[in-house]
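This report concerns only the one structure given below.
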Amino acid sequence: MQDAHHRDEALSRAAALLPAPYRAAVLAERTTHPVEEIRLRAGQAAALSTILGETPLSGLPPVTPPLLRQVLERATASSYHAAADSLRQGFLPAPGGCRIGVCGMAAMEHGEIVTMREVSSLAIRVARDHPGIALPILDRLCREGFRNTLLLSPPGVGKTTLLRDLIRGLSCRGYRVSVADERGEIAGMSGGMPGFSLGPRTDVLTGMPKAQAATLLLRAMTPQVIALDEISAPGDIRAAEQIADCGTALLATMHAAAYGEAAARPLFAPLAARRLFPRVVVITVEDGVRRYRVEEAS
């Protein structure tokens, strides 16, 4: 019953970005699994995405470009300028830790994206919090002291949710944790307050690229563990190496179904060669249920 309450609350936060008829339809829809995303594509029916796939919402007109702009205005409090840096990367942070993926026509200058215009689709990620899901693996990860750990799964399977609970668990066990929350998804900060509890010994730096954030956190907060979400760019690799070279433990996530898949990628090869992550947690889905498997990297 408590899980259902958390799911409804999280979905309500995401649906609050929608116009009233769409918001009502989202909240009235009954799905067998928690809603992971609300998908809006110009000219198509709005849809809800769960771990099993997408379900279109019936009884509503197709999504239009003005509706997409209305959602973005709500997400940014009508301030596109304040959201320019995020839009250049194809996403927007939204209240409650939600994230909105943005597609459309990119405006380019000197070979770089300036902003996203003529938006054609949005993916509103529902930020869910499940306190306690990390408990079955936390003892093993903390045995003889926490070591660098990488969380792996394909996209949309729950890495950020597990990461959030591991941060909370480590913090409650006495570790001083710093979070480089580049996209604002982990803590859901608003007005200096986290939307999700991350424990009593956790410090959060949001809105800054991971490489810069790692430098600042190492200098200013003397963390015992630094948490990063989604290693996916050369700057993220540099951040991971910098943290490891300073003797601070690292907790990070990456898109991959297995460690061998991650290690085979040129981007990740420098970290694999150093065996920077001796421990891996692989997230799988079996019969609609998430499983967490702790492995020693090889």
Side-chain angles (χ1 to χ4, degrees), residues 1-41 44-64 67-77 86 91-103 119 121-134 153-165 168 181 183-191 193-198 229 253 283 285 287-290:
M1 196 70 176
Q2 187 178 15
D3 283 345
H5 170 72
H6 283 301
R7 286 200 301 268
D8 290 344
E9 190 176 286
L11 187 58
S12 295
R13 286 195 299 267
L17 298 168
L18 304 175
Y22 289 82
R23 180 166 64 249
V26 166
L27 297 178
E29 187 74 14
R30 293 291 174 261
T31 58
T32 54
H33 292 272
V35 174
E36 306 282 351
E37 293 179 330
I38 303 169
R39 290 276 181 167
L40 305 173
R41 302 178 178 95
Q44 303 295 326
L48 301 182
S49 177
T50 72
I51 202 167
L52 300 180
E54 290 190 20
T55 302
L57 291 170
S58 58
L60 292 169
V63 172
T64 63
L67 185 149
L68 297 174
R69 288 195 294 272
Q70 185 177 348
V71 172
L72 290 180
E73 286 171 2
R74 291 190 180 193
T76 62
S86 292
F91 74 92
L92 281 175
C98 298
R99 184 187 69 175
I100 305 176
V102 183
C103 274
V119 173
S121 60
L122 301 175
I124 304 174
R125 177 71 60 88
V126 179
R128 295 176 293 106
D129 194 25
H130 288 297
I133 60 169
S153 82
V157 178
K159 291 184 296 299
T160 303
T161 305
L162 178 62
L163 175 66
R164 187 182 296 123
D165 201 46
R168 183 165 40 224
D181 196 4
R183 294 174 302 183
E185 280 189 276
I186 303 171
M189 298 292 287
S190 179
M193 289 293 293
F196 301 109
S197 171
L198 295 181
D229 200 9
T253 74
I283 308 173
V285 178
D287 299 323
V289 178
R290 288 177 177 82

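- Note that the CG atom of L11 and the SG atom of C98 stand 9.0 Å from one another [nearest 0.5 Å].
- Between the CZ atom of R39 and the CG atom of L48 there is a distance of 11.5 Å, given to the nearest 0.5 Å.
- At distances below 3.5 Å, at least one donor-acceptor pair connects side-chain atoms of D181 with backbone N or O atoms of A187.
- The closest side-chain heavy-atom distance from V71 to V119 is not below 4.5 Å.
- Every residue two or more places apart in sequence or in another chain that forms a side-chain contact (heavy atoms from CB on, under 4.5 Å) with P154 is listed here: V157, A257.
- For H33 against L52, the heavy-atom pair with the smallest separation is CD2-CD1, 3.2 Å.
- Rounded to the nearest 0.5 angstrom, L198 CG and L163 CG are separated by 9.0 Å.
- Side-chain contact between L17 and L122 is absent, with no heavy atoms from C-beta onward closer than 4.5 Å.
- In this structure, the side chain to side chain donor-acceptor pair (under 3.5 Å) partners of E54, at least two apart in sequence or on a different chain, are R41.
- L67 places a side-chain heavy atom less than 4.5 Å from the side chain of Y22.
- Interatomic distance, CG of D229 versus OG1 of T253, reported as 3.5 Å (0.5 Å rounding).
- The salt bridge (charged side-chain N to carboxylate O under 4.0 Å, His left out) analysis of residues 18-33, with sequence neighbours excluded, yields no pairs.
- Note that NE2 of H130 and OG1 of T161 are 6.0 Å apart. Values are rounded to the nearest 0.5 Å.
- What you find for S153 and G158 is that their closest heavy atoms are OG-N, 4.5 Å.
- In this structure the side chain of I124 reaches within 4.5 angstrom of the side chain of L18, judged on heavy atoms.
- A salt bridge does not link R164 to E185: none of the charged side-chain nitrogens sits closer than 4.0 Å to a carboxylate oxygen.
- Pairing each heavy atom of F196 with each of D129, the nearest pair is CD2-CB, 3.6 Å.
- The structure places CZ of R290 at 10.0 Å from NZ of K159, a figure rounded to the nearest 0.5 Å.
- A donor-acceptor distance shorter than 3.5 angstrom exists from the side chain of R168 to the backbone of S197, with no hydrogens or angles considered.
- Counting all heavy atoms, side chain and backbone alike, A75 lies closest to I100 at CB-CD1, 3.6 Å.
- Residues L92 and T76 have side chains in contact (heavy-atom distance under 4.5 Å, counting atoms from C-beta outward).
- Nearest approach of A16 to R74, heavy atoms of both residues: O-NH1, 3.3 Å.
- Salt-bridge annotation for R13 and E9: present, with a side-chain N of the basic residue lying under 4.0 Å from a carboxylate O of the acidic one.
- The nearest pair of heavy atoms linking L68 to S121 is CD1-N, 3.9 Å.
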